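For the numbers below, each heavy atom of this structure counts, side chains included, while hydrogens, waters and symmetry mates do not. Owing to the predicted nature of the structure, the values given are computational and were not obtained by experimental measurement. Sequence positions, counted from 1, serve as the residue numbers for this chain.
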Amino acid sequence: RTLALREISTYKKTFLRLGSANKCDEVRKVFQLRQIGPSHLLPSNPRPGSDLQVCVSKNSTCCTKKMEERYQVAARRDIQNLLQTSSSSLKFLIARNVAAFQESFEALLWQAENYTITLFQDLYHSMADQAAGPVQELFTDISLFLLGSEFSVDELVQRFFDALFPLVYDHLISPSLGGVSLGHAECVRSLSRSVRPFGGVPGDLADQIARSGVSGKLLLQALHLGIEVINTTDHLQLSRECRRALLKMHYCPHCQGLTQSKPCMGYCINVMRGCLASMAEIDIHWREFVRSLEGLSARMHGPQDLEQVLLGIHRLVRDAVRHAQENGPRLSAQVYKLCGPPSRKPAQSVSIQHSSRESIPLKASVRAPGGSLANRRKDFLSSLRLYLTYYGGLADQLCASDLASNDAMSCWNGTEIVKSYTLRVVGNGIKAQIANPEVKVKGADPVINQIIDKLKHINQLLQGKSIPKLGSLDQIETGSGDAEGRYSGDCDDEDGCAGSGAGEVKRKVSRVSKCKSLPSHKKKKRKKSVTHGVESKTPLQLVGVKKGHW
């Protein structure tokens, strides 16, 4: 009998040893399949885990300290990938519409320019050739203004009418067979602002462009910031406590051979709410951001409807020219008094004018793609509204869709396989983490605080509370400046940072970029490119959206 008991004991030990070896074989397979590290880091047989810092167990383990470091790097990488995957559709929605709005602005500008050139060809063909230059310069300036340059709208509009007055005077008010000399034309130009030949039209046009333009610029600026917010949260720097909790949740079961286990739902939510506590603080400001965009869109009608204003410029130009014609006698008297009688060019120097309709080629007639700007904004905001609670529900969404176990019978609770998680599940945000049993949260991420400051500022602008002057936008600044900030969790040995060559990671949140004002002598004409057979200008590079990052 004693011999039989010894044989059974020996058999059990052999069986357990083989079973443990099989467990480590499975761990080795997953370790290599997920490219966590080289296979030589794994022990051939289970061993005591006295050197482990996080995946501590009373039983023998298939893990070593080097494996634990690699697992921690893998856990952090997995979460970063999940964050980027979860935000990809939101980022693409915003980036696609930034490009679409810019393309629509450009298409509308070309169409408005065509309308204005056609006006001169049809009604004032004798001066159409000479008016083409000022018209093109006007729309180039408007384009630069809409795409970010801080131009004075009053000045760019007045500059156009200054150039137009000598033409109107020479061809419509005091016409003759020979054109006036350059000296007399320059004198007439210099009187444009004092004699006000076009009445109140220049002021009305400048006011309309400024009102509608500032709304269009603000829409683009807000969407650029939306992309910056997503890029910042996609690359959230995880604290040391969070990294340890992710390791414990994701890969510590592997050390016990439980490579197929998943964390309990409540356990996962506690870990993710702790890791994303700072990100959850964005929620209230993101909700306000979406609602503020809706408010801005609702106000973009009438004088603030960019499409209506741009496509109506030619009518205001026509009204301005008619006003000058109606006041021809008064203008002639003032010009004669201040500039003297017109000095004409020699008759032989005047060439025979051809029809302006033939000499000035019109650009291809285009229409903003996808319907009106109002409809495009409506469709975009309808889609964006689906992401209203994105930041508030992100931790729960990740657990429900990717991380946690859906099996009510068994799950990992951080220590062993159980039927259910029994500890308290905490709420979202920094304050709620005081009671978190899985992750200690020391404070808010300074980089997240900076992005929240920017959201607060853009929300003020979108609501019309902080626009300093008509037609101008302040650069978005943060209350805490642009100081570099690191999260409280320093990179240590257990992170595997030294092995991966990552080193210290510092981040800086850049300001929302915009075009700088260009001196008048350095302004460049719009670049043209052919897109789907339609001539369009090159859109601005999307802030924060780089090739391969969508």
When you compare the side chain of [Y] with that of [X], does any pair of heavy atoms fall below 4.5 Å?
| X | Y | answer |
| --- | --- | --- |
| Arg385 | Glu294 | yes |
| Ile313 | Ile142 | yes |
| Leu172 | Leu167 | no |
| Leu373 | Ser104 | yes |
| Leu146 | Gln102 | no |
| Leu238 | Leu236 | yes |

Does a salt bridge link [X] with [Y], judged by any charged N lying under 4.0 Å from a carboxylate O?
| X | Y | answer |
| --- | --- | --- |
| Arg211 | Asp207 | yes |
| Glu288 | Lys456 | no |
| Glu155 | Arg193 | yes |

Considering all heavy atoms, the nearest [X]-[Y] contact:
| X | Y | value |
| --- | --- | --- |
| Leu381 | Ser297 | CD1-CB, 3.5 Å |
| Gly328 | Ile173 | O-CG2, 3.7 Å |
| Tyr390 | Ser86 | OH-OG, 3.1 Å |
| Val317 | Phe160 | CG2-CE2, 4.0 Å |

For this session: Take atom CG of Leu338 as the centre, draw a 6.0 Å sphere, and report whether it contains more than 12 heavy atoms from other residues, nucleotides or ligands.
Result: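 Check passes, neighbour count above 12.
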For this session: Kindly check if the number of other-residue, nucleotide or ligand heavy atoms within 6.0 Å of CZ (Arg318) is above 12?
Result: yes
Problem set entry | Atom pair CG/CD of Leu108 and Glu113 - distance to nearest 0.5 Å |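 The CD atom of Glu113 is 13.0 Å from CG of Leu108, to the nearest 0.5 Å.
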Problem set entry | Spacing of Ile227 atom CD1 and Asp234 atom CG [to the nearest 0.5 Å] | 11.5 Å
Consider only side-chain N and O atoms of [X] and [Y], and report whether a donor and an acceptor are under 3.5 Å apart.
| X | Y | value |
| --- | --- | --- |
| His171 | Gln130 | yes |
| Ser278 | Asp445 | no |
| Gln304 | Ser215 | yes |
| Gln80 | Arg76 | no |
| Tyr336 | Ser174 | no |
| Asp379 | Ser382 | no |

So, the side chain of [X] versus the backbone of [Y]: is there a donor-acceptor pair under 3.5 Å, distance only?
| X | Y | answer |
| --- | --- | --- |
| His323 | Pro197 | yes |
| Thr116 | Ala112 | yes |
| Asp162 | Ser192 | no |

Problem set entry | All side-chain contact (heavy atoms from CB on, under 4.5 Å) counterparts of Asp154, not counting sequence neighbours |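 Per chain and number, Asp154 pairs via side-chain contact (heavy atoms from CB on, under 4.5 Å) with Ser152, Ala206.
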Problem set entry | Which residues share a salt bridge (Lys or Arg N to Asp or Glu O under 4.0 Å) with Asp283, sequence neighbours left out |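 Salt bridge (Lys or Arg N to Asp or Glu O under 4.0 Å) list for Asp283, sorted by chain: Arg287.
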Exercise. Do Arg159 and Leu138 pass the side-chain contact (heavy atoms from CB on, under 4.5 Å) test, and can you show the C-alpha distance, the side-chain angles, and the key distance before you say yes or no?
Worked result: CA-CA 8 Å; Arg159 191 163 53 244; Leu138 171 67; over 6 Å; no
List the residues meeting ring pair (Phe, Tyr, Trp, His ring centres under 6.0 Å) with [X], not counting sequence neighbours, and say none if there are none.
| X | result |
| --- | --- |
| Tyr391 | Trp286 |
| His285 | none |
| Phe198 | Phe161 |

Problem set entry | Full working for side-chain contact (heavy atoms from CB on, under 4.5 Å) between Val447 and Gln237 | CA-CA 9 Å; Val447 176; Gln237 190 76 2; over 6 Å; no
Exercise. Among all residues two or more places apart in sequence or in another chain, which pass the side-chain hydrogen bond (donor to acceptor under 3.5 Å, both in side chains) test with Glu281?
Worked result: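 Checked Glu281 against side-chain hydrogen bond (donor to acceptor under 3.5 Å, both in side chains); zero matches.
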